[in-house]
Amino acid sequence: MIAEVIVDVAAYPIDRPFDYTIPALFQGFIEPGMRVKVPFGPRKVVGYVIDVKETSGLDETKLKPVEQLIDFEPVLSPELLELSEWLAEDTLAYRIEALQVMLPAAMRAKYEKFIVIIRPEAVTDEAFLSMLNGRERVPLKAADTPGLLKLLKAYTTDGAVRVETLVKQQTAVKKVRMIHMQDKRTIETMLAGLNKQAAKQRDLLEWMLTHAGESMEAGRLMKEAGMSATVLKAVIDKGAATERKTEVYREPETVHMKNSSAPAELTANQGEAVRQVTDAFHEERDSVFLLHGITGSGKTEVYLRSIEEVLKNGREAIVLVPEISLTPQMTSRFKERFGDQVAVMHSALSAGEKYDEWRKIHRKEVKVVVGARSAVFAPFENLGILILDEEHESTYKQEDNPRYHARDVAIWRAAYNRCPVILGSATPALESYARASKGVYELLELPTRVKEQALPSVTVVDMRNELKDGNRSMFSVPLAEAIRARLAKHEQIVLFLNKRGFSSFVLCRDCGTTIQCPNCDISLTYHRATENLKCHYCGHEEQVPHSCPECESEHIRFFGTGTQKAEEEVARLFPEARVLRMDVDTTRQKGSHARLLQKFGEGQADILLGTQMIAKGLDFPNITLVGVLAADTTLHLADFRAAEKTFQLLTQVSGRAGRHDLEGEVFIQTYTPEHYAIELAKAQLYEPFYDMEMRTRKQFGYPPFYYIVNIQFSHENLLKVVEYAEKAARFLTEHLGPDSVLIGPTASAISRVNNRYRYQCLIKYKKEPKLTETLQALIRHYRTGWIKDGLLLSVDKSPVVIY
Ligand code: ADP
Ligand code: ZN
Ligand code: ZN
C-alpha cells in the first residue's frame with residue numbers, strides 16, 4: 001500500500017503530495033487525515049496523509065517507507081482534507097500551511113537540531129570538548145559562539161560530527177495523579193498491623209477509612225487530609241491505596257456572569273428569522289442568511305434558537321465571534337443554554353487549553369463551539385449550522401498565510417454539509433449587504449430593539465468650536481457636564497478612544513522633528529508604564545530622549561492623546577470618579593480582560609475607559625452614558641474602508657448605552673461633524689449610509705464593485721525592491737486581461753518596516769478568468785528565483801487592511 005503525504009516543508013517545488021510505501025506493520029492502520037513521520041532528503045519530517053492507494057504510478061522500489069505513525073486515528077476528517085485543498089488554491093498558500101492552520105498550535109511539530117558526534121577521536125579541540133562536556137549529542141544551541149560554530153563547520157566537513165534534526169511532538173495531554181483508596185476491610189487490616197510510632201500514617205489511614213473506595217486527586221487529598229507527600233507515599237507503599245495517572249482537561253479560568261435566561265417568546269421578527277433558518281436546515285439548503293439587526297435587537301437569541309433546533313436533530317454548530325467580543329458575558333449565554341455541550345476557543349487560552357478544547361470536539365464530547373476566527377476549522381463531522389456574529393469585523397481575515405477569510409471558509413463548509421450559515425451584524429460589510437441586495441444571500445431584518453427601548457440619543461460635538469472657545473481639554477463642555485451628572489446619579493460611563501499608549505508620538509516643538517523608528521518609516525509610540533518609546537511594527541524600543549536629536553532643543557513633548565493621557569485628564573477633571581482603563585497594555589495578562597469587565601459589571605468603577613475592545617459586547621444595565629473622545633481617528637486612515645469602519649465603530653459604541661431600562665445618551669466628539677459617516681451613525685441609519693458609501697465606491701472603483709488583489713514586495717535594498725516590483729508589474733500587465741487595472745508599483749503607505757523597503761501593486765478587476773493562473777505563475781517566479789535574492793512577496797486576494 002502507498003500513502004500520499006504532504007510534507008512539512010513549505011518550499012517550491014515541494015508543494016505537492018509525495019508517495020511513501022506503507023510498511024507491513026502499519027498496513028490497515030494508516031488512514032487519510034493521520035500524521036506520520038517520513039524521511040525527506042536527509043531529514044525526517046512530519047507529513048499529513050491525504051490519501052491511501054493500492055499502487056503508485058512511480059517505481060515503487062525507489063519509494064521510501066513511512067517511518068512512524070504520529071496519530072492512531074485521523075486528526076483531519078475527509079471534509080477538512082478537501083477544504084485544505086480548496087483553501088490552498090484560493091488563498092495561494094502552500095497546502096501544508098492550509099493543513100496546519102486547521103490544527104491547534106500544540107499539535108504542530110517542533111524540530112530541534114542536535115550536534116551528534118560520529119568519530120569522537122577526531123574531535124580534539126579544547127573549547128569544543130568543554131562544550132560537549134562528555135555528551136555524544138548536544139543541542140545545536142550549545143555552539144552559540146563564532147569560535148564554536150567555526151569548529152563545528154570544520155568537524156562536519158570532515159565527517160567527525162553531524163547536525164541532525166529531530167522531530168519533537170509534545171503530546172500536550174495533561175495528566176494528574178489520582179489516588180484510589182482501598183476498601184474498608186483492607187484499610188482496617190492495615191491500621192491493626194501499624195507500628196505504634198507511625199502516628200501520622202495512622203491519622204491518614206483513619207481519614208482514608210472514611211473515604212474507602214473513593215478516588216481523589218493527590219493534591220486535593222493531601223490538602224483535605226492535612227498530610228504530606230511522604231506520609232501519603234508510605235501509606236501507598238503499604239497498599240492502602242493505589243495511584244494512577246489520569247488524563248484530564250485543563251479548565252480555563254471562567255468568570256461567571258448572570259444573564260437573563262431564555263425569553264419565553266420571540267418577537268415576530270425573531271420568530272420569522274428563526275423559521276427561515278430552520279427551514280433551510282431541515283431542507284438541507286446551504287443558504288447564507290444575512291441577519292441585519294441593530295444592537296439589542298435580539299440577534300443572539302436568533303442564534304441560540306437556531307442552534308437549539310440543530311442540536312435537537314443530532315447535528316453540530318460553530319459560532320464565530322470576533323476575538324474582542326468573546327467575553328465571558330458572551331460565552332456564558334451559550335453555556336447557560338447548552339451546558340457542557342459547549343467548547344470555547346479564544347486566543348487568551350494557553351496552547352494546552354486550546355488543545356483540550358479541540359480534543360473535546362474531536363472526541364465528540366461537545367456539540368457547539370464558540371470561538372474566534374480559527375474555530376471555523378473545528379473538527380465536527382456533522383455540522384448543522386455555522387454562525388458569524390459581527391460578520392463585518394476585519395479580524396475574521398487572517399493576515400498570514402493562508403490568508404483566509406473565516407466567512408469564505410464558513411460558506412464552503414456549509415455547502416459541503418448542506419446546512420445554513422448566518423452572518424449577523426448591525427452594520428454588515430458593504431460586500432455582504434450588496435450580496436444580500438442581489439439575492440445571493442437571504443436578508444433577515446430585525447429593525448427594532450427587543451424591549452422597544454428607544455435608541456440612545458446621540459449628540460455630535462464640534463471640537464473646532466470648543467477650541468475656538470478656548471477649551472483645550474480633550475473633554476468638551478457638554479460631555480464633561482454629562483459625565484458629572486452621571487457620577488452624581490451613580491450611573492456608569494464608558495469612554496471610548498481609538499488609540500493606545502499615552503500618546504502617539506514625540507514631537508520637537510522647535511523644529512517639528514518626530515522621533516522615528518530607526519528600522520521603519522513610522523513614528524515611535526510613547527509608553528508611560530515603561531517610560532520608553534516603542535515601534536508597533538518591529539518591536540524596537542528606546543529611551544525617551546531629553547533633547548531633540550535634530551536641533552538639541554529641550555522643548556520635546558508628547559503629542560496626541562491616548563488612553564493613559566485620557567486617564568490622567570479624567571483624574572484631573574473628575575477626581576471623585578473611580579476609573580478602569582482597558583487597552584492592550586492593561587489586558588496583556590491572561591484573564592485580565594475578563595477581570596476588568598467583571599469589576600465594572602459589579603459596579604466597582606464609575607468609568608470604563610478604553611480602546612476598540614470596549615466597543616463590543618458590553619451589556620451592563622447601569623451604563624447610561626457613552627463618550628467617543630475622538631471620532632476622527634479612524635476617518636483619516638489611508639484606507640478606502642475608512643468611512644465604513646468609522647460608521648461601524650460609532651454604531652457599535654453607541655449601542656452600549658441604554659440597553660436596558662435606563663435611558664442612554666451618547667456624545668461623539670469630532671473635528672468633522674459634517675462627514676456622512678458621522679452624521680448617519682448618529683441616527684444609526686444603515687441603509688442611507690450604505691447607499692452613500694456605495695456611490696463613492698462605484699465612483700472610485702473600489703469593492704464591492706471591483707475586486708482588489710494586493711501584491712506586497714519587500715527587500716532590504718530599495719533599488720532591488722523597485723526592480724522586482726516593476727518586473728512583476730510588467731509580468732502582470734502582459735498576462736492579465738485588458739479589463740483589469742494595475743495600480744503601481746508604488747511605495748506602500750508605510751514604506752519601510754524592520755529595515756525592509758516595501759512596495760506594492762494593486763490589481764483591480766471585475767472579471768478576470770486568468771487571475772489565479774497568472775498569480776500562481778508570479779508566485780512560481782518568486783519561489784524559484786526571486787526569493788533567493790532576498791525578496792519577500794505576498795499576494796492577498798481579499799485585503800482588508802492595506803498599509
Ligand atoms: P443583539 O445580539 O442583537 O445585540 P441580544 O440577543 O443580545 O441582541 O438581545 C438584547 C437583549 O434582549 C438581551 O438581554 C436578550 O436576553 C433580550 N432578548 C432577546 N430576545 C428577547 C425576547 N424575544 N424577549 C425578551 N427579551 C429578549
Ligand atoms: Zn528639534
Ligand atoms: Zn520599527
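Computed over heavy atoms, backbone and side chain alike; hydrogens, waters and symmetry mates excluded.
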Does [X] pair with [Y] as a salt bridge, N-O distance under 4.0 Å?
X	Y	answer
Glu301	Arg305	yes
Glu316	Lys364	no
Asp203	Lys200	no
Asp356	Lys360	no

I need the minimum non-hydrogen distance between [X] and [Y], along with the two atoms involved.
X	Y	value
Ala372	Glu323	CB-OE1, 3.1 Å
Arg35	Val75	NE-CG2, 4.0 Å
Pro65	Tyr20	O-CD2, 4.1 Å
Ala143	Ile115	CB-CD1, 3.9 Å
Val49	Ala3	CG1-CB, 4.3 Å
Ala378	Val369	CB-CG1, 3.8 Å

For this session: Please test Val101 against Leu87 for side-chain contact (heavy atoms from CB on, under 4.5 Å), starting from the C-alpha separation and ending with a verdict.
Result: CA-CA 10 Å; Val101 79; Leu87 194 65; 4.1 Å; yes
Flag, side chain of [X] to backbone of [Y], donor-acceptor distance under 3.5 Å:
X	Y	value
Glu357	Val344	yes
Gln201	Val231	no
Gln341	Val368	no
Asn313	Arg315	no
Tyr396	Leu320	yes
His362	Pro74	yes
Glu602	Gln604	no
Arg135	Leu132	yes
Ser77	Leu80	yes

For this session: Check the angle between the aromatic planes of Phe338 and Phe334 and answer parallel, tilted or perpendicular using the 30° and 60° thresholds.
Result: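 Tilted.
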For this session: Go through Leu99 and Arg95 one step at a time and tell me if the side-chain contact (heavy atoms from CB on, under 4.5 Å) criterion holds.
Result: CA-CA 6 Å; Leu99 288 163; Arg95 181 82 182 271; 4.2 Å; yes
Is the number of heavy atoms from other residues, nucleotides or ligands within 6.0 Å of [atom1] ([X]) greater than 12?
X	atom1	result
Glu224	CD	yes
Arg185	CZ	no
Arg578	CZ	yes
Asp183	CG	yes
Lys53	NZ	yes
Arg162	CZ	no

Problem set entry | Any side-chain heavy-atom pair of Arg177 and Leu232 under 4.5 Å |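 Yes. Closest side-chain heavy atoms under 4.5 Å.
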Problem set entry | Residue pair Leu76 / Pro379, side-chain heavy-atom distance below 4.5 Å |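 Heavy-atom side-chain distance check fails, nothing below 4.5 Å.
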If I take atom [atom1] from residue [X] and atom [atom2] from residue [Y], how far apart are they, to the nearest 0.5 angstrom?
X	Y	atom1	atom2	answer
Glu284	Cys419	CD	SG	9.5 Å
Phe72	Met34	CZ	CE	8.5 Å
Ile318	Arg413	CD1	CZ	4.5 Å
Lys238	Thr186	NZ	OG1	15.0 Å
Glu79	Trp412	CD	CH2	5.5 Å
Met208	Glu214	CE	CD	11.0 Å

Donor-acceptor side-chain pairing of [X] and [Y] below 3.5 angstrom:
X	Y	result
Arg373	Thr395	no
Gln100	Asp8	yes
Glu309	His282	yes

For this session: Answer with yes or no after comparing the ring centroid distance for Phe377 and Tyr404 against a 6.0 Å cut-off, counting only values under it.
Result: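 Yes.
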For this session: With side-chain contact (heavy atoms from CB on, under 4.5 Å) as the test, would you mind laying out the steps for Thr242 and Gln182 before giving the verdict?
Result: CA-CA 8 Å; Thr242 55; Gln182 300 288 23; 3.9 Å; yes
Problem set entry | Worked verdict on Val52 versus Glu31 for side-chain contact (heavy atoms from CB on, under 4.5 Å) | CA-CA 7 Å; Val52 174; Glu31 285 176 55; 5.6 Å; no
